[in-house]
Amino acid sequence: MATTPNRRPMEDSAHSGGSPSMQEPWHNPLLDPRDLRMPRIAGPSSLVIFGVTGDLAKKKLLPAVYDLANRGLLPASFGLIGFGRRDWDDQAFASFAEENVRAYCRTPFNESTWRHLSQGMRFVKGTFDDSEAFRHLSATVSELDRVRGTRGNHAFYMSVPPKAFPIVARQLAESGLSHSKEGAWRRVIIEKPFGRDLASAKELDRVVSEVFEPDSVFRIDHYLGKETVQNLLALRFANMMFEPVWNSNYVSHVQITMAEDMGIGGRAGYYDGIGAARDVIQNHLLQLMALTAMEEPVSFAAEDLTAEKTKVLSAIRLPKDLAAHTARGQYAAGWQGSQHVAGYLDEEGISPDSTTETYAAIRLDVDTRRWAGVPFYLRTGKRLGKRVSEIAVVFKRAPHLPFEATATRELGANAVVIRVQPDEGVTMRFGAKTPGSAMEVRDVNMDFSYGRSFTEASPEAYERLILDVLLGDPPLFPTTEEVNLSWKILDPIEEFWSGQGQPQPYRAGTWGPEEADRMLARDGYHWRMP
Ligand code: BG6
């Protein structure tokens, strides 16, 4: 929970953000321990949210804005504008926001924070094809500049389906909203998925870049805002003991898992036809893989970090035999704990012959000296045994074991597991002698847990990312090149799957289709049971 809920920053904070070029890499407190105690506070600005009545805005964006304010990280001169079709005035929007903030905020609800924040809230009613509504938006933004002191700095968050990006971008351009005045900035935040393949991603990029400068475009991959994902950089590059063994001499393979116990919920319209691989492998899991496999960056400035991630993404090789090294599944009815849940094809809004996968697993190799011969297995699925995301680096067996064969029967492979969520932390698995007179070695776990080691709760990923946009701090946002390279990896797999008919069904509450187990068994491994 926040420790400074009542702190109200000065409007002209010394740490307020400027243009990206004004930001030094060491402004990022997470990435440089020297700066850890210095809070980074956004400068005068507003956030305009398109799609403000959607699930993401309700559960993540609005609460994140409130939590930032409550932690004292937003300036007094901050404004929030919702754009949507509802017949609301500012007050109705503020009530809607309050209801969701109260339901989903992570810091305690504080009346005085809320009062101040809600005074800067505005609602603009309209549809994306309504130019008049965008003129109204432009007038509202100017009004905030005058009465709230937002000083012409405005960020536009596109929490809308990708097909709406082009029209919103065009309207922002035509109403003059995308152009900043001297000394001010305009930025656009784009939710994933960025396209549905390489061609559409490039087209989208063309449209957006006609309206915004490249360094004003922030593509969100919220996994990069997660504390544990950033901890991967600390683990690898702040310590001595991991890096020497982080290569093909010692590592046998890497398993990156993002498992969810929930189904598609009310997102049929988005999910059907997209599927698990486009939804999360193209972005979250490939980003995790890039951070796991990359070389040490020269610094944690955006261009240096991107340079290393880009090298990994460029060096990724697909298996020749996609049938043997990929797996797809679709959840069928089953039990999730004590609850009986419907299968994917019976979910509301899903066509009964849909071939969309809700589970995907793929093997990728990285053609570099460090990783030659080390497969990376990426898997994700909905309605699996439990919600867990982790990166497991699994080591080779010791070349010689000076024990009786029976003594090491229970000894598995050593592993370093970065627990992304829940129960964020790191586990090290190794063999230890069991107590007693006999020499027997068995696997044990040694745990670091964020919850136990730190009193401060980790901020929600969206808090971190929204703050970074307001500060113009880009290291945690994938670049166009990274997005394109990721589609290049996924496109051939999607094309192969599109000719394969129905994905293999798996019962809800299990760990996915048998095909995925066979895929790993072929290489002599098995999936970890997180
Ligand atoms: C989103 C996906 O990017 O991540 C969703 O579109 C998924 O399908 C969600 O449920 C999971 O996020 P988290 O942070 O709960 O792991």
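Nothing here was measured: the structure is a model prediction, and the numbers come from that model.
Distance check, rounded to the nearest 0.5 Å: CZ of Phe212 to OG of Ser178 gives 5.0 Å. The CD1 atom of Ile81 sits 7.5 Å away from the OG1 atom of Thr150 when rounded to the nearest 0.5 Å.
Across every non-hydrogen atom of Ile350 and Ala268, the tightest pair is CD1-CB, 3.6 Å. When all heavy atoms of Arg187 and Val469 are compared, the closest pair comes out as NH1-O, 2.8 Å. Between Val160 and Phe165, the shortest heavy-atom distance links the atoms O-CE2, 3.2 Å. The heavy-atom pair separating Phe218 from Asp215 by the smallest distance is CE1-O, 3.8 Å. Shortest non-hydrogen contact noted between Thr356 and Gly275 is CG2-CA, 3.4 Å. The nearest pair of heavy atoms linking Leu470 to Ser46 is CD2-O, 4.3 Å.
You'll find the side chain of Asp491 stays beyond 4.5 Å of the side chain of Glu495, heavy atoms only. Counting heavy atoms from C-beta on, the side chains of Leu80 and Leu117 never come closer than 4.5 Å. Counting only heavy atoms from C-beta outward, the side chains of Glu481 and Thr306 never approach each other to under 4.5 Å. When side chains are defined from C-beta on, Leu378 counts as touching Met289, because their heavy atoms get closer than 4.5 Å. Between Tyr462 and Leu61 there is a side-chain heavy-atom pair separated by less than 4.5 Å. Between Phe50 and Leu137 there is a side-chain heavy-atom pair separated by less than 4.5 Å.
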* Show your working on salt bridge (Lys or Arg N to Asp or Glu O under 4.0 Å) between Glu494 and Arg278 and close with a plain yes or no. => CA-CA 9 Å; Glu494 289 288 353; Arg278 286 192 180 98; 3.6 Å; yes
* Asked: Can Glu463 and Arg71 be said to form a salt bridge (Lys or Arg N to Asp or Glu O under 4.0 Å), step by step?
  -> CA-CA 10 Å; Glu463 274 180 63; Arg71 291 183 202 275; 2.6 Å; yes
* Evaluate side chain to side chain donor-acceptor pair (under 3.5 Å) for Glu191 paired with Tyr157, printing each intermediate quantity in order. => CA-CA 8 Å; Glu191 259 302 328; Tyr157 199 124; 2.6 Å; yes
* Asked: Is there a side-chain contact (heavy atoms from CB on, under 4.5 Å) between Cys105 and Asn70 once you walk through the steps?
  -> CA-CA 10 Å; Cys105 64; Asn70 211 17; over 6 Å; no
* **Asp145/His154 under side chain to side chain donor-acceptor pair (under 3.5 Å): CA gap, chis, key distance, verdict** => CA-CA 10 Å; Asp145 286 345; His154 303 283; 2.9 Å; yes
* Worked verdict on Arg387 versus Glu260 for salt bridge (Lys or Arg N to Asp or Glu O under 4.0 Å) -> CA-CA 4 Å; Arg387 174 174 181 254; Glu260 295 183 281; 5.6 Å; no
* Go through Val52 and Phe83 one step at a time and tell me if the side-chain contact (heavy atoms from CB on, under 4.5 Å) criterion holds. => CA-CA 6 Å; Val52 77; Phe83 184 103; over 6 Å; no
* Can you check side-chain contact (heavy atoms from CB on, under 4.5 Å) on Ile281 and Ile362, steps first, answer last? -> CA-CA 9 Å; Ile281 291 186; Ile362 61 178; 3.8 Å; yes
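A salt bridge links Glu460 with Arg106: at least one charged nitrogen is closer than 4.0 Å to a carboxylate oxygen. Salt-bridge annotation for Lys60 and Asp55: absent, with no side-chain N of the basic residue lying under 4.0 Å from a carboxylate O of the acidic one. Remark: Asp468 engages Arg40 in a salt bridge, criterion side-chain N to carboxylate O under 4.0 Å. Salt bridge status for Arg102 with Glu98: present, with a side-chain N to carboxylate O gap under 4.0 Å.
Tyr271 and Glu347 share no side-chain donor-acceptor pair at under 3.5 Å. Looking only at atom types and distance, the side chain of Asp279 has a donor-acceptor partner in the side chain of Tyr270 under 3.5 Å away. For the residue pair Trp497 and Thr326, a side-chain donor N or O sits within less than 3.5 Å of a side-chain acceptor on the partner. Side-chain contact check for Gln287 and Glu482: at least one donor-acceptor pair (N or O, by modelled atom type) lies under 3.5 Å. There is no side-chain donor-acceptor pair under 3.5 Å between Thr140 and Glu143. For the residue pair Asp272/Tyr344, the side-chain donor-acceptor check at 3.5 Å is satisfied. Donor-acceptor pairing under 3.5 Å is recorded for the side chains of Arg219 and Thr480.
His136 places no side-chain N or O within donor-acceptor distance of the main-chain N or O of Lys125, the cut-off being under 3.5 Å. Formation of a donor-acceptor pair under 3.5 Å by the Asp89 side chain with backbone atoms of Ala92 is found in this model. Side-chain atoms of Arg236 come within 3.5 Å of backbone N or O of Leu291 as a donor-acceptor pair. Judged by distance alone, the side chain of Gln336 and the main-chain N or O of Met262 form no donor-acceptor pair under 3.5 Å. Remark: the backbone N or O of Phe78 is paired with a side-chain donor or acceptor of Arg148 at under 3.5 angstrom. No side-chain donor-acceptor contact under 3.5 Å links Arg328 to the backbone of Ala360. When atom types are taken as modelled, the side chain of Ser45 and the backbone of Gly43 share a donor-acceptor pair closer than 3.5 angstrom. Judged by distance alone, the side chain of Arg186 and the main-chain N or O of Asn153 form no donor-acceptor pair under 3.5 Å. Under the 3.5 Å distance criterion, the side-chain polar atoms of Gln230 are matched with a main-chain donor or acceptor of Leu224. In this structure, Thr113 contributes its side chain and Phe109 its backbone to no donor-acceptor pair below 3.5 Å.
For Phe128 and Phe134, the distance between ring centers is not under 6.0 angstrom.
Relative orientation of the His284 and Tyr223 rings is parallel, given thresholds of 30° and 60° on the angle between their planes.
Checked options Ile316, Leu318, Leu198, Asp197; the residue passing with Lys488 is Leu198 (criterion: side-chain contact (heavy atoms from CB on, under 4.5 Å)).
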